Enquirer: 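Quick one: the structure is below, and I'll ask about it shortly.
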Amino acid sequence: RTAGGGRGPPGIPDLPHGVDAKSLVSISIVGTPMCGPWAMENGPRAAGAARGAMAHALDMPMERVGTRGDHYLLRVDASLWLKGEE
């Protein structure tokens, strides 16, 4: 049940039973190299780029998503940490 699944972003009601939360944050890391069995060498590059991007993103503003007002999204572009590798 993701934003691409047709229902919109999941929210507080979709959390597991027993989780008491007042808001929800989704973090979307984009711009990392594709990884998988066909591109194993990209795993360490993707992890390093995501680590650098998340460290930088700690002070970035989040955007409100959904209609309930209790779900926030932080978009993180990790491609900046891949520059100079090529």
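On a predicted model such as this, the values are computed, not experimentally measured, just so you know.
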Enquirer: Linking I/L/V/M/F/W/Y whenever their side-chain heavy atoms sit closer than 4.5 Å, directly or via other members, would Val30 and Ile27 fall into one cluster?
Expert: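 Val30 and Ile27: separate clusters.
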
Enquirer: At their closest point, which heavy atom of Arg75 faces which heavy atom of Met60, and how far apart are they?
Expert: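 Scanning both residues completely, I find the closest heavy atoms to be O-CE, 3.7 Å.
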
Enquirer: Of all heavy-atom pairs between Val76 and Met54, which one has the smallest distance, and what is that distance?
Expert: CG2-SD, 3.9 Å

Enquirer: How close do Pro61 and Leu74 get, counting heavy atoms only, and between which atoms?
Expert: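 It is O-CD1, 3.8 Å.
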
Enquirer: Please name the pair of heavy atoms, one in Asn42 and one in Met34, separated by the smallest distance, quoted to 0.1 Å.
Expert: ND2-O, 2.8 Å

Enquirer: Looking at every non-hydrogen atom in both residues, tell me the closest pair between Gly31 and Asp77 and how far apart they are.
Expert: CA-OD1, 3.8 Å

